[in-house]
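Scroll down for the structure; my scribbles are underneath it.
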Amino acid sequence: MRVLAFGAHPDDVEFQIGGTLAKYAKLGHEVYIAVATNGCIGSYRHTKEEIAKIRRQEAQNAADLIGAKLIWMDFEDEFLFDTKETRLKFIDAIRMTRPDIIFAHEPYNDYNQDHDITGYLAFTARILSVVKLIETEHEVCSKVAPLFYYTTLGIINFIPEYYVDITDTFEMKKKMFLCHDSQQGDWCRDAFGVSYVEMMEAEAILLATQAGTPGCRYAEGFKLCKGWPTIAGAYKLLP
Ligand SMILES: [Zn+2]
C-alpha cells in the first residue's frame, strides 16, 4: 500500500500519527509525509530563514527513521490559504504518491488555522486528483483514496471512531517526534510553557484508555471523512 499523510507544520504528523506511520513502514508499506508549511515562525532564537532550514532537516531526519519520503511543500508558516496555487500543489502531491489511504488534520476543527486549511486542502484535493482537465505535473489518479482525519491537538472537539494500537511503535514515534529538537525547548516551553513530548505521550495514553483493548498502552485515533465517496470498509486499511 501507499500511505500519504499531510501535516500543516513539520512535527504535526509525528505528533498525531507517527506510531501509525511507523507501523505501516514496519509492515512494508510505502509512507509519504507531506508538510504544507516550512515552520518558519517556530523559534525565539533564529531568523525565519534559519529556523525553516533547521526544521526541514528535522523533518527529513524523522522521515528517514522509518524510511518514509518527505514532500516539503514550503508554504509560509501561519499564512496557508486555500488558493489556486495551494490546491494545485496538494492535488499534485496526491498524484505523485498515488495513495491507497490519506491522512490529514480535520478541517476547521483544530486550534490552528494552518491545520484547518491543510485538512480542507487535503479534502478538496483527494477528489480533484482524479479530474483530468485539472492539469498538474503528475498524471491524473485513477481512483479516489479514503481520507482519515487524525486527532486535534489536545484531542479537543474530537471523538475518534477508530483506534490504532501503537504500543509496539510508540518508542519509534517518540524518536521521530524528538527529531524536532528545535521545537522542544526553544519553542514550546518558551512560547506556551508546555512540554510537547509530555503532551504527545499523555494523548497516546488517553487514546489507549479510550480504545480499551487489552494490552494496548498507547494508541492513535481517527475519523473517516464523510464526504462522498466514503469507500465502504476503508477502516480495514488502518494497520
Ligand atoms: Zn502544527
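Throughout, residue positions are numbered sequentially from 1 according to the sequence presented. Just so you know, ligand 1 is whichever comes first in the structure, and atom 1 is the first atom listed for that ligand.
Counting only protein N, O or S atoms, 4 lie closer than 2.8 Å to the Zn ion (ligand 1).
Between Lys173 and Glu220, at least one side-chain nitrogen of the basic residue sits less than 4.0 Å from a carboxylate oxygen of the acidic one, meeting the salt-bridge criterion.
Between Lys223 and Phe158 there is a side-chain heavy-atom pair separated by less than 4.5 Å.
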Show me the donor-acceptor pairs within less than 3.5 Å that the side chains of residues 209-216 make with the rest of the protein, sequence neighbours left out.
| residue | atom | partner | partner atom | Å |
| --- | --- | --- | --- | --- |
| Thr209 | OG1 | Ile205 | O | 2.8 |
| Gln210 | OE1 | Tyr163 | OH | 2.7 |

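Considering only residues two or more places apart in sequence or on other chains, Glu135 meets the salt bridge (Lys or Arg N to Asp or Glu O under 4.0 Å) condition with none of them. For Arg56, there are no side-chain hydrogen bond (donor to acceptor under 3.5 Å, both in side chains) partners, not counting sequence neighbours.
Formation of a donor-acceptor pair under 3.5 Å by the Asp114 side chain with backbone atoms of Ala8 is not found in this model.
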